[in-house]
Amino acid sequence: EVSPERAVVHAAIEVTNTLSEEAEAELNLFAVDEKGETVAESRCRAKLQQKGKTSLATDLTVHSPLLWDVDDTHLYTLVTVLKVDGEEVDRDETVFGIRKIEIDVKNGFRLNGKKMKLRGGCIHHDNGLLGACAFPRAEERKIEILKEAGYNAIRTAHNPPSRALLD
């Protein structure tokens, strides 16, 4: 759900309990904007199975969200904190953007309600003379060059894209 008034962010988390006993856990999630302010939060409790994986899901509502766009890349960070017996045992941060994607025969592709023609191509997992190494600045430079050439979309080929490219 995305509108100028609010966006519902669905967070799905998988927790692995490596201990030989069950554990009562509390999961705290915070959506943080680019200024570092918490704009949404959620808490849930779960029983973690011994030596097993537990899937959890929750929704966070962001009011008046700043929407991600190819030219205006507003990003949020989802901070996930796992506590067992009131003690923090794990923390993770996931960067994400909020946007609305619609595709239909009449209007084609729309991003945040605006029609958009996708202009792009297929890229491989290499960086020319650097080879298959995914240095963050090299990946960023590759995307900058493609954007300057008019690309607003890419498709990756043959191998999963690196974290540096996705970032």
Side-chain angles (χ1 to χ4, degrees), residues 1-15 27-44 55-82 88 90-167:
E1 289 179 49
V2 178
S3 72
E5 294 80 32
R6 73 185 196 117
V8 177
V9 177
H10 182 74
I13 299 98
E14 185 176 83
V15 179
L27 196 63
N28 300 313
L29 296 102
F30 306 93
V32 179
D33 66 14
E34 294 166 311
K35 297 176 193 165
E37 296 179 22
T38 299
V39 295
E41 58 186 272
S42 179
R43 287 175 170 61
C44 58
S55 295
L56 303 165
T58 187
D59 291 334
L60 296 94
T61 301
V62 177
H63 297 282
S64 303
L66 295 174
L67 300 183
W68 181 95
D69 183 282
V70 293
D71 296 317
D72 227 348
T73 56
H74 295 290
L75 294 173
Y76 293 86
T77 301
L78 180 67
V79 179
T80 306
V81 178
L82 179 67
E88 184 176 319
D90 199 7
R91 174 183 288 260
D92 188 56
E93 293 187 3
T94 306
V95 177
F96 68 97
I98 297 173
R99 74 261 187 235
K100 184 174 186 178
I101 296 172
E102 300 168 286
I103 303 171
D104 61 50
V105 174
K106 183 179 178 187
N107 297 300
F109 179 84
R110 285 170 288 157
L111 178 63
N112 301 326
K114 293 183 243 168
K115 281 187 179 184
M116 176 183 283
K117 295 277 187 199
L118 296 178
R119 295 179 307 278
C122 180
I123 64 172
H124 292 259
H125 72 283
D126 67 339
N127 282 303
L129 295 174
L130 296 176
C133 294
F135 298 106
R137 178 59 193 134
E139 299 288 19
E140 184 178 32
R141 180 178 176 273
K142 178 172 29 181
I143 297 303
E144 288 169 353
I145 291 168
L146 292 171
K147 282 187 83 168
E148 286 172 13
Y151 282 45
N152 64 7
I154 59 169
R155 180 177 78 84
T156 59
H158 306 302
N159 291 302
S162 67
R163 171 55 54 194
L165 178 67
L166 294 173
D167 287 347

As an exercise, state the distance from [atom1] of [X] to [atom2] of [Y], rounded to the nearest 0.5 Å.
X	Y	atom1	atom2	answer
Glu34	Tyr76	CD	OH	7.5 Å
Asp33	Thr77	CG	OG1	9.0 Å
Phe135	Leu130	CZ	CG	6.0 Å
Glu102	Asn112	CD	CG	9.0 Å

Looking only at heavy atoms, what is the nearest atom pair of [X] and [Y], with distance?
X	Y	answer
Thr80	Leu29	OG1-CD2, 3.8 Å
Trp68	Arg99	O-CB, 3.6 Å
Leu78	Phe96	N-CE2, 3.6 Å
Cys122	Ala157	SG-CB, 3.2 Å
Thr94	Asp92	OG1-OD2, 3.3 Å

- Query: Does Asn107 use its side chain to pair, donor to acceptor, with the backbone of Lys115 at less than 3.5 Å?
  - Reply: no
- Determine yes or no for a side-chain-to-main-chain donor-acceptor pair under 3.5 angstrom, with Asp126 supplying the side chain and Gly131 the backbone. no
- Under-4.0 Å salt bridge between Lys147 and Glu144: no
- Task: May I ask you to say whether Glu139 pairs ionically with Lys142, meaning some side-chain N is under 4.0 Å from a carboxylate O?
- Result: yes
- Item | Distance flag, aromatic centroids of His125 and His158, threshold under 6.0 Å | no
- Item | Residue pairs involving residues 155-167 (criterion salt bridge (Lys or Arg N to Asp or Glu O under 4.0 Å); sequence neighbours excluded) | Arg163-Asp167
Would you indicate whether the side-chain heavy atoms of [Y] and [X] approach each other to under 4.5 Å?
X	Y	answer
Phe30	Glu93	no
Leu111	Leu67	no
Leu165	Ile123	yes
Asn28	Glu41	no

- Task: Might you work through the side chain to side chain contact (heavy atoms under 4.5 Å, CB included) test for Ile98 and His74, ending with a clear yes or no?
- Result: CA-CA 8 Å; Ile98 297 173; His74 295 290; over 6 Å; no
Output side-chain donor-acceptor pairs under 3.5 Å for residues 58-66, partner residues at least two apart or in another chain, one line each.
{"unit_1": "Thr58", "atom_1": "OG1", "unit_2": "Ser42", "atom_2": "OG", "d": "2.6"}
{"unit_1": "Asp59", "atom_1": "OD1", "unit_2": "His10", "atom_2": "ND1", "d": "2.7"}

- Message: The criterion is side chain to side chain donor-acceptor pair (under 3.5 Å); which residues satisfy it with Arg6, sequence neighbours excluded?
- Response: Glu1
- Message: Does Arg43, at its CZ atom, have more than 12 non-hydrogen atoms belonging to other residues, nucleotides or ligands within less than 6.0 Å?
- Response: yes
